[in-house]
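Only one structure is covered here, and it is reproduced in the block below.
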Amino acid sequence: MSLELTFFSFGSLIVCIFTAVLGSFLAAIRNRSKSSSYLAGAFFLLSIHAFAFVIAYSIDSPIAAYHRWLILAVIPAFSCMGQFFFFYPSPIKEKFAFRFLSAQLLVWLAFSLYYIFCTFNKPPIFDFTEQIWTFSLPLENKILGVLVLVYSFLMIFTGIWRSWTASKESNRFTGLFVLFFSLLIFPPVIANSMSRAGLISRTDFLTVYTFFMIPGSFVILVLYINTTSDQTRFLNRITGICLGTFLLILYWIGLASVSRQEDTFDLSKLREAENSIFIKKNGPKTESAARIGTPTKQESNSSPHVGAPTSPDSLKRYPRQSYGYYDSVFPSEAERYFVEGNKEEPRSVLYKFALEDQKYEVKFPYEEYRNFLHTAIRPYFLILFITVLVVLFGFRLFFRGAIWNPLKNLLIGIDKVNQGDLNTKIQVRIQDEIGFLTDSFNGMVSSIREARTALSVYADTLEDQVKDRTSRLTKLLEQQQGDYFLTSLLLKPFGIDTIRNGRVFIESFTRQKKQFVFKEQNHEIGGDLCMSTSLKIGGANCTVFMNADAMGKSIQGAGGAIVLGSVFGAILNRTRLFEDKTLELSPQRWLRSAFLELSKVFEIFEGSMLVTAVLGVIEESTGKTYLVNAEHPSPILYRNGKASLIPTKHFFNRIGLPFDPSATFTVQSFQLKIGDCLFLGSDGKDDLIVGIREDGSKEINENQEAFLSRIEEAKGDLHKIYQDMEEYLTDDISFLKIEYSLSKEPIKMNGQPARLVSKEIN
């Protein structure tokens, strides 16, 4: 057994070393996930597969034929890649993944035992097409090729399935892994099939194999360590990047130089043949170092047994050249063959060429060919091993001092600060980016230390400061509560509890959202307002009423209610003072005049104070009712135990928004019957909490008809209605109940819901 290196063994060794390093890098991760373990296993198995090529192309001995056993490692490598997708980015269908892997390994193990058994019954042969020792197993190799394709497609289909079912973010990374695994596997597999079919040379296959295996493995590793949750080491990543870069550059250099050594060998041997022919013709009859066949005539076609050419283009062309003292007759065309050996004659390299209309055959020992390539490639192997040692160990020493140690010191400092040691200061050795980061860290710790000292001083005086602030807040709160109290006093004259005007009985209920305590008494403040009184309009006794809601919280809403109550109260008082001048004034015209006057007053505030309201007039003798609605909830009629909405056919804008007095003014009217109750309420009765959503926000009722059932359940009792709604309220709430009857007790009688009638007033 002899070691005879070739360019093929050089390229295979590069792939073997790089994949083994990547597998070791992933295997060294502490507490690694299953996805890391399977990816490491795939790289180790690919390294074994590449090592099989190293043995085949480096050892010129029949024992090298058993490298075929190591070739089988490529199949479980695909299985590990498929398992990777079951556990990246998170485990899924683990039981199915285990069964799937077990089935794949069982099939692979059965075929491997069968394949190994077949090699025991076959003698090793030397294959000149690849220049390696192997076994003649055409059927078994075809089965192996089919299994390789099946397992590779299973792996790709698994990746596509996982990327389809993964989340949007994971889908993108899983799809990238499917793409890079495909680029890593399929080009070498296809190139191997083409080279065995004679479509491309083994040199082209090895070029494709190395070109895709090294960058493909490198890209997969970089993508994985940047997306996995496993804790990888920074120094290992830098080393892997440097090693992959150097190995790829070294392979390209070897491809450009060493792969040309076969042409150099052919040229040198043909020159030897030319010299021998020249000496044989012109010099003494001595035997040449090369074995030269007897010249044959053109019609002669006898030749020794030869092997197949090394490539589809077996014709070698060399230019004519001159060699010193004689004119060269170097052949313009030559063919190289490898001749199989036997017991009498060893393997040889055969050249066929023609000179001066005569054909020549020249043989050289095959060992000279392998020794020549071995001598040429040996320095590159030395450079390869030195490169690997320098990158794996020398670069670690360099990066440890230049990058890792400063980063490690910074991490130690951060850990100390996390533990509460603010006296930590890291020494800056080199003013580079890491040095700038270290300086910034020292400055940050110094700032935190100073802030902590200031905070400590502040904490020592905190109790006194809290007492002082509490005293100030108490005074401010008392002042604010006083303001609230004064405002609530201004609101009280406008509110009503109960009023009876002949047949019309009015009852109100108001609860403001803002509750406060002033001088140990409970008070409330808000923007809801109920007003009602008896007036003579057009000579008839009428009941005027209003239910309103001023926009804004607490003090702002209360301010709007005070302005509204003051202006509306002034309108009512003016009407009483000038009753003799209202004899010809109808309720519709009175409502129009009052509404326009309120709008003009609130327009002064330019939209900063808005009010929704229902203004109405009831003729006490007839029950005829007139309404004007300014974006307020629709009135409700309670008749014979049933509540129903009285649709408002015309809404005016909120009081405070610009109003065109020249526009047609519409007043709606309907007829109350004995026993009817009219309910007016602010929107607080509808804005109730009906549930809590999944995100924790409150779900508010949007159905204004839900209030109808509450009226029916409480049988029109305002206080009972409030008690049923109290825990669900989110805003101020006010009710105005108007009952039309002959006595204080409502009279029950059958009848149909009131029908609205609209009348336009110019």
Side-chain angles (χ1 to χ4, degrees), residues 4-11 57 60 128-132 200-204 206-207 251-283 286-296 303-304 306-341 346-381:
E4 299 291 344
L5 302 176
T6 65
F7 177 68
F8 298 142
S9 55
F10 176 68
Y57 292 115
D60 187 12
F128 275 108
T129 59
E130 298 186 42
Q131 298 185 44
I132 61 172
I200 61 175
S201 66
R202 293 302 289 180
T203 304
D204 295 333
L206 188 62
T207 301
Y251 174 76
W252 286 338
I253 293 174
L255 181 65
S257 57
V258 181
S259 61
R260 303 283 183 179
Q261 295 300 322
E262 289 196 20
D263 294 339
T264 303
F265 176 80
D266 292 339
L267 182 60
S268 65
K269 292 306 176 183
L270 287 174
R271 286 176 179 172
E272 288 184 25
E274 180 189 18
N275 291 336
S276 299
I277 293 172
F278 180 80
I279 293 173
K280 189 174 182 180
K281 285 184 176 182
N282 303 293
T286 59
E287 187 166 347
S288 170
R291 300 182 60 191
I292 305 176
T294 306
T296 60
S303 63
V306 298
T310 58
S311 65
D313 185 11
S314 61
L315 201 61
K316 304 289 184 178
R317 300 180 182 272
Y318 302 97
R320 294 180 178 274
Q321 299 183 30
S322 297
Y323 300 96
Y325 61 91
Y326 69 93
D327 292 333
S328 173
V329 290
F330 191 72
S332 59
E333 294 182 354
E335 297 177 355
R336 183 183 69 180
Y337 298 90
F338 292 101
V339 181
E340 295 179 358
R347 291 169 294 167
S348 59
V349 182
L350 173 67
Y351 294 95
K352 287 185 177 183
F353 57 89
L355 284 178
E356 298 177 353
D357 298 331
Q358 290 184 335
K359 291 184 178 180
Y360 292 88
E361 294 180 357
V362 181
K363 283 186 179 180
F364 295 93
Y366 178 75
E367 291 183 0
E368 293 186 14
Y369 168 76
R370 293 297 295 265
N371 290 334
F372 181 87
L373 294 182
H374 177 79
T375 303
I377 198 66
R378 187 168 52 192
Y380 289 87
F381 271 79

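These values consider heavy atoms only, across backbone and side chains, with no hydrogens, waters or symmetry-generated copies.
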Euclidean distance, Arg378 CZ relative to Asn371 CG, rounded to 0.5 Å: 9.5 Å

Value rounded to 0.5 Å, distance of CZ in Phe364 from CZ in Arg336: 12.5 Å

Residue list, salt bridge (charged side-chain N to carboxylate O under 4.0 Å, His left out) with Arg370, at least two apart or on another chain: none

ring-ring contact (aromatic ring centres under 6.0 Å, His included) against Phe372, all qualifying residues, sequence neighbours excluded: Phe265

Gap between atom OH of Tyr369 and atom CD of Glu4 - 0.5 Å precision: 11.5 Å

Side-chain donor-acceptor pair present, Tyr366, Gln131, cut-off under 3.5 Å: yes

Which residues share a side chain to side chain donor-acceptor pair (under 3.5 Å) with Glu368, sequence neighbours left out: Lys269

Heavy-atom side-chain proximity of Asp266 to Tyr351 below 4.5 angstrom: yes

Contact summary for Ser9 and Tyr57, nearest pair of heavy atoms: N-CB, 3.6 Å

Student check: side-chain heavy atoms of Ile132 and Phe8 closer than 4.5 Å: no

Separation of Asp60 CG from His374 NE2 (nearest 0.5 Å): 11.5 Å

Distance (rounded to the nearest 0.5 Å) between Leu350 CG and Lys363 NZ: 6.5 Å

